[in-house]
Amino acid sequence: MPEGPQGQAHRGCVSLSTSQLQSAFDFVDGPVGYRFRSGASRKHALARAAGFARGHIPTIVDATAGLGRDAFLLACSGAQVTLLERSRPVHDLLRDALARAAAESPDLAAVVARMTLISGDARELLPGLRADAVIVDPMHPPRTNSAIVKQEMRLLRELVGTDPDALELMQAALAADCRRVVLKWPLRAKPLDGVRKPSHSITGKTVRYDVFMIPPR
């Protein structure tokens, strides 16, 4: 089925309107805009998991950019973030959303300037990148109660499907030139099969951030 950021994107029998997609990819209004205006980004569990500390702002690769919200949060905290996205429709939607945010205000433009979006498969791109932290957020296992899944994530799932190669992606991240890898995973889900035990975890309301510290190579 054809899919793309203009008009409607189709997968199976589900049709996604442009307004739905632009609402999901939005850094100006909604919860993302509120978090930006409130200045609460550095207190977020993801920022702590990524290694933010007093006097230290890490460089970050977001290996699964998706809606771009995690990368935007980290950039709001001052980090230089490289976003990798292998779905071309999602990449284009994210690119357009970042352009809209940059045009909205100088403050938002400064955040977007710290974000570098690259189209491609993280498994192929990570060996050529270097950062303090690599963030991995594969499509999570389906929840038994689909009503609690946010609409934005349902839309993203319709665009990109599942991530059957999540283990390969984690292996690529753990082999990358970085100091830590952060796996974003549902709070009560079983660990990703085949991945070693994390060094520690930081929990949020609905997700946990499993942190894998990488020894010096």
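Just so it is clear, the model here is predicted, and its values are computed rather than measured. Residue numbers start at 1 and run along the sequence shown.
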task = Take Val112 and Phe27 through the side-chain contact (heavy atoms from CB on, under 4.5 Å) test and state the conclusion after the steps.
result = CA-CA 10 Å; Val112 173; Phe27 301 105; over 6 Å; no
ask   = Given Val90 and Phe25, is the side-chain contact (heavy atoms from CB on, under 4.5 Å) satisfied, shown in steps?
value = CA-CA 9 Å; Val90 172; Phe25 291 82; 4.0 Å; yes
query = Can Leu129 and Val134 be said to form a side-chain contact (heavy atoms from CB on, under 4.5 Å), step by step?
reply = CA-CA 10 Å; Leu129 299 173; Val134 175; over 6 Å; no
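A salt bridge is absent between Arg69 and Asp137: the closest approach of a Lys/Arg side-chain nitrogen to an acidic carboxylate oxygen does not fall below 4.0 angstrom. For the pair Asp96 and Arg100, the salt-bridge criterion is not met [side-chain N within less than 4.0 Å of a carboxylate O].
Listed for the Thr64 side chain is no donor-acceptor partner under 3.5 Å among the backbone atoms of Val136. Between the side chain of Arg123 and the backbone N or O of Ala172, no donor-acceptor pair lies under 3.5 Å. Of the possible donor and acceptor atoms, none in the side chain of Trp185 sits under 3.5 Å from a partner among the backbone N and O of Pro138. Panel note: side chain Arg208, backbone Ala189; a donor-acceptor pair is recorded below 3.5 Å. Side-chain atoms of Arg179 do not come within 3.5 Å of backbone N or O of Ile214 as any donor-acceptor pair.
A distance of 11.5 Å separates CZ in Arg86 from OG in Ser119, rounded to the nearest 0.5 Å. Note that CZ of Arg196 and CG of Asp210 are 10.5 Å apart. Values are rounded to the nearest 0.5 Å. To the nearest 0.5 Å, atom CG of residue Leu94 and atom CD of residue Glu85 are 7.5 Å apart. To the nearest 0.5 Å, the span separating OH on Tyr209 from NE2 on His44 amounts to 4.5 Å. The CZ atom of Arg180 lies 5.5 Å from the NE2 atom of His200; values are rounded to the nearest 0.5 Å. Rounding to the nearest 0.5 angstrom, the gap separating the CD1 atom in Ile135 from the CG atom in Leu84 is 11.5 Å.
Two different hydrophobic clusters hold Leu187 and Ile202 under the rule that ILVMFWY side chains link at heavy-atom gaps under 4.5 Å. The hydrophobic cluster containing Val28 also contains Val111, counting ILVMFWY residues as joined when their side-chain heavy atoms lie under 4.5 angstrom apart, directly or transitively.
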